Amino acid sequence: MTHGEKRLPEAPGEQPAARGNGKSAVPVAMAVENIVKRYGDFEAVKGISFSVAEGEIFGLLGPNGAGKSTLIRMMTTLIPVTAGRALVGGHDVAKDSNAVRRMIGVIPQALTSDQDLTVEENLSIYAKLYSVPRAERERNIAEVLEAVDLLKWRGAQTKTLSGGMRRRLEIARGLVHDPRIFFLDEPTTGLDPVSRIAVWEMLNNLKKSRNLTMLLTTHYMEEADRLCDRIAIVDHGTLVALGTPVELKQSVPGSNVVEVQFATESEQWQARLEALPGVTEVQSQSAGVYRVLTSNGSQTTTQLVEMAAAMGETLTSLSVQNTSLDDVFVHYTGRQLRDEQVKPVNFIMPPRPGAQP
Ligand SMILES: Nc1ncnc2c1ncn2[C@@H]1O[C@H](COP(=O)(O)OP(=O)(O)O)[C@@H](O)[C@H]1O
Ligand SMILES: [Mg+2]
């Protein structure tokens, strides 16, 4: 199917953190320029700019209330733009909303498929709604059902599906009219970890097989990290950082994180950790527990162990990790956005005999 879309020029006014992408040859699929949304006196989106290249999976990562859904709703013509503009597939959402609607698929945050209909009926209604010609309808439905691995459930009532299967049905429904650009608002929120990974694989395959451009929102760092080519971190309606997962992590001073727990809490740990070589930041987590950002994880760890031994102090646990998007979020916002609360501890040091538990 051809869509006859106009191609956008590279979006002007992209925010500085977008530097380093350097893929100026790739055409832009969509862009927002200083986009603003006000609800009365409250500014939910405060002048955000970015552009998404064709074929990219672009993520909006941020906590609840950051303005992610509001951004998606403006870009998909569901709510008016207060100021600035959004261009999707070459069309201004405010001036040419019908053209935008024809070329996009949208998966809203809430599940919206009809529980009392079968899987196939839910898709069929959408295909008709989008005026997919009768001859193409059946083929499209079979193709999208296959793509989300629901072919054998086509006759099942939607209410009998698990949460993960329903999410996949919604993804299929958003694709039944063969859109070029796909918007997904929190596609895996509420799913168990296994279903979540299944959805990631599915989206990756869809991107490749259908040459889709995707914009998704998430508050899961791991999801953004694993799935997205580039990520815009949003917080309180502003864009705080933009780049590939690797670029974002490299932009944080200290490329490793050492997590250490001392058996006894002491006021001196903070200063002693800060004095170790390579250390750029020390965050106190709870009594005796510290996260140490360092440019040299192994050297800092060695010296930390030596320092503790010299002082006769026991380390209850110690682990070294690469910088995560979590650290990126903390760096840019001063707050934490941790989805997976517990990180693996690489090794645990047994307490010395006679030490306090
Ligand atoms: N219709 C509305 N009227 C007033 N405030 C709203 C409305 N929709 C969203 N908001 C507010 O805008 C902010 C951003 O919301 P939203 O875009 O849903 O965030 P996110 O999707 O990142 O969780 C929140 O503070 C929310 O309460
Ligand atoms: Mg939301």
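For ligands, and for the atoms within them, numbers begin at 1 and follow the listed sequence. The structure displayed is predicted, hence computed values, not measured ones.
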Worked verdict on Glu223 versus Thr218 for side chain to side chain donor-acceptor pair (under 3.5 Å): CA-CA 7 Å; Glu223 177 159 293; Thr218 185; 2.9 Å; yes

Protein residue, atom and distance nearest to atom 10 (N) of ligand 1, heavy-atom basis: Tyr39 CE1, 3.5 Å

Taking atom 26 (C) of ligand 1 as the reference point, the nearest protein heavy atom with its distance: Phe42 CE2, 4.6 Å

Ligand-side contact atoms (ligand 1) for residue partner Ala66, heavy atom cut-off under 4.0 Å: 19 (O), 20 (P), 22 (O)

Closest protein heavy atom to atom 16 (P) of ligand 1, given as residue, atom name and distance to 0.1 Å: Thr70 OG1, 3.6 Å

N, O or S atom of Ser69 closer to the Mg ion (ligand 2) than 2.8 Å: yes

Tyr39 side chain to Thr82 side chain, donor-acceptor N/O pair below 3.5 angstrom: no

Arg230 charged N/C atom sitting above Phe58 aromatic ring, 6.0 Å / 45°: no

Those atoms of ligand 1 less than 4.0 Å from some heavy atom in Ala44: 12 (O), 13 (C)

Test: Arg102 cationic atom under 6.0 Å from Tyr130 six-membered ring centre, within 45° of axis: no

Minimum side-chain heavy-atom gap Met307-Leu273 below 4.5 Å: yes

Sub-4.0 Å heavy-atom contact, Pro63 with ligand 1: yes

Heavy-atom nearest neighbour in the protein, as seen from atom 14 (C) of ligand 1, with distance rounded to 0.1 Å: Gly65 O, 3.4 Å

Pair Asn256, Asn296: side-chain N/O donor-acceptor within cut-off below 3.5 Å: no

Close N or O approach (Ser69, ligand 1; < 3.5 Å): yes

Interfacing atoms of ligand 1 (cut-off 4.0 Å, heavy-atom, Asn64): 23 (O)

Gly67 near ligand 1 by a heavy-atom separation under 4.0 Å: yes

Gln109 backbone or side-chain N/O/S under 2.8 Å from the Mg ion (ligand 2): yes

Protein non-hydrogen atom found under 4.0 Å from atom 3 (N) of ligand 1: yes

Glu170 and Ser113: side chain donor to acceptor below 3.5 Å: yes

Donor-acceptor side-chain pairing of Thr158 and Gln115 below 3.5 angstrom: no

Glu259 versus Gln261, side-chain donor and acceptor atoms under 3.5 Å: no

